[in-house]
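Let me begin by presenting the structure, written as structure tokens, before commenting on it.
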Amino acid sequence: MGVQLNTYLMSEDARSQANFYIQSLGGEIQFLTTFGETPGTPEAMKDKVMHLALTIAGTNTLMMADSFEPVNYNRSISISLSYDDVTEASTAYEKLSENGEKRYPFALQPWGAHYGEVTDKFGVTWMITKQ
């Protein structure tokens, strides 16, 4: 039996958040469905994202949807990106930190890898590593 694990983020504005990740990490929206595509959806919900699949930072898939409740990300879950190239890793760290918070500086660590941690402007924590 095959199994695939995907990160699925609930968002207060999935389209804007997806576009920020595309600008920061490269990628594209593969699939987007709105609630308006479902019969009987109230007018106020029609433009809300029901399901969005996004390819970022190469071939990685990130799924997203608009939430109808306030979104509260916390530190117990982080998204980790491991790069082969230190310049690409550093660039991702800087772009994700725009209007966010640099929680741990991206730098060479005692264990031999470059590592940094940032919480982006949407509240998602990213761990960036170059082995």
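Side-chain contact annotation: Thr55 with Gln30, donor-acceptor N/O pair under 3.5 Å present.
When all heavy atoms of Ala92 and Leu25 are compared, the closest pair comes out as CB-CD2, 3.6 Å. Nearest heavy-atom pair, Gln17 versus Leu9, reported as atom, atom and distance to 0.1 Å: NE2-CD1, 3.9 Å. The two residues Ser11 and Met64 make their nearest non-hydrogen contact at CB-CE, 4.2 Å. Across Asn99 and Lys121, no two heavy atoms sit closer than the pair O-CB, 3.2 Å. Here the closest heavy-atom approach between residue Asp66 and residue Ala14 is recorded as OD1-N, 2.7 Å. Gly123 approaches Tyr73 most closely through the heavy-atom pair O-CB, 3.2 Å.
In this structure, Asp84 places its CG atom where only 12 or fewer heavy-atom neighbours from other residues, nucleotides or ligands lie under 6.0 Å away.
A donor-acceptor contact shorter than 3.5 Å links the side chain of Glu37 to the backbone of Thr34. Tyr21 contributes no side-chain N or O that, together with a main-chain N or O of Ala57, makes up a donor-acceptor pair within less than 3.5 Å. Looking only at distances, no side-chain donor or acceptor of Ser97 sits under 3.5 Å from a matching main-chain atom of Lys102.
Side-chain heavy atoms closer than 4.5 Å link hydrophobic residues (I, L, V, M, F, W, Y) into clusters, and following such links, possibly through other members, connects Ile79 to Leu54. When hydrophobic clusters are built by joining Ile, Leu, Val, Met, Phe, Trp and Tyr residues whose side-chain heavy atoms come closer than 4.5 Å, directly or via intermediates, Phe122 is grouped together with Val71. Met63 and Trp126 are assigned to two separate hydrophobic clusters, defined by single-linkage of ILVMFWY side chains at heavy-atom distances under 4.5 Å. Following chains of ILVMFWY side-chain contacts shorter than 4.5 Å, one cannot reach Val49 starting from Phe35, and the two form parts of different hydrophobic clusters.
The shortest side-chain heavy-atom distance between Tyr83 and His114 does not fall under the 4.5 Å cut-off. Counting only heavy atoms from C-beta outward, the side chains of Met127 and Leu81 never approach each other to under 4.5 Å. Inter-residue side-chain proximity for Pro70 and Glu12 is flagged as met; some heavy-atom pair is nearer than 4.5 Å.
Looking at Thr129, Thr91, Val118, Val86 one by one, the single match for side-chain contact (heavy atoms from CB on, under 4.5 Å) with Phe106 turns out to be Val86. Each of Val124, Leu96, Asp13 was scored for a side-chain contact (heavy atoms from CB on, under 4.5 Å) with Phe20, with one residue passing: Leu96.
Here the CG atom belonging to Asp47 is positioned 6.0 Å from the CZ atom belonging to Arg15, to the nearest 0.5 angstrom. Interatomic distance, CD1 of Ile56 versus OG of Ser24, reported as 9.5 Å (0.5 Å rounding).
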Evaluate Tyr104 against Gln109 for side chain to side chain donor-acceptor pair (under 3.5 Å), listing each step before the verdict.
CA-CA 11 Å; Tyr104 195 87; Gln109 303 302 317; 3.2 Å; yes
Yes or no on side chain to side chain contact (heavy atoms under 4.5 Å, CB included) for Tyr115 and Tyr93, after CA distance, side-chain angles and deciding distance?
CA-CA 9 Å; Tyr115 174 82; Tyr93 176 87; over 6 Å; no
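With sequence neighbours excluded, the residues satisfying side chain to side chain contact (heavy atoms under 4.5 Å, CB included) with Phe31 are Thr33, His51, Ala53.
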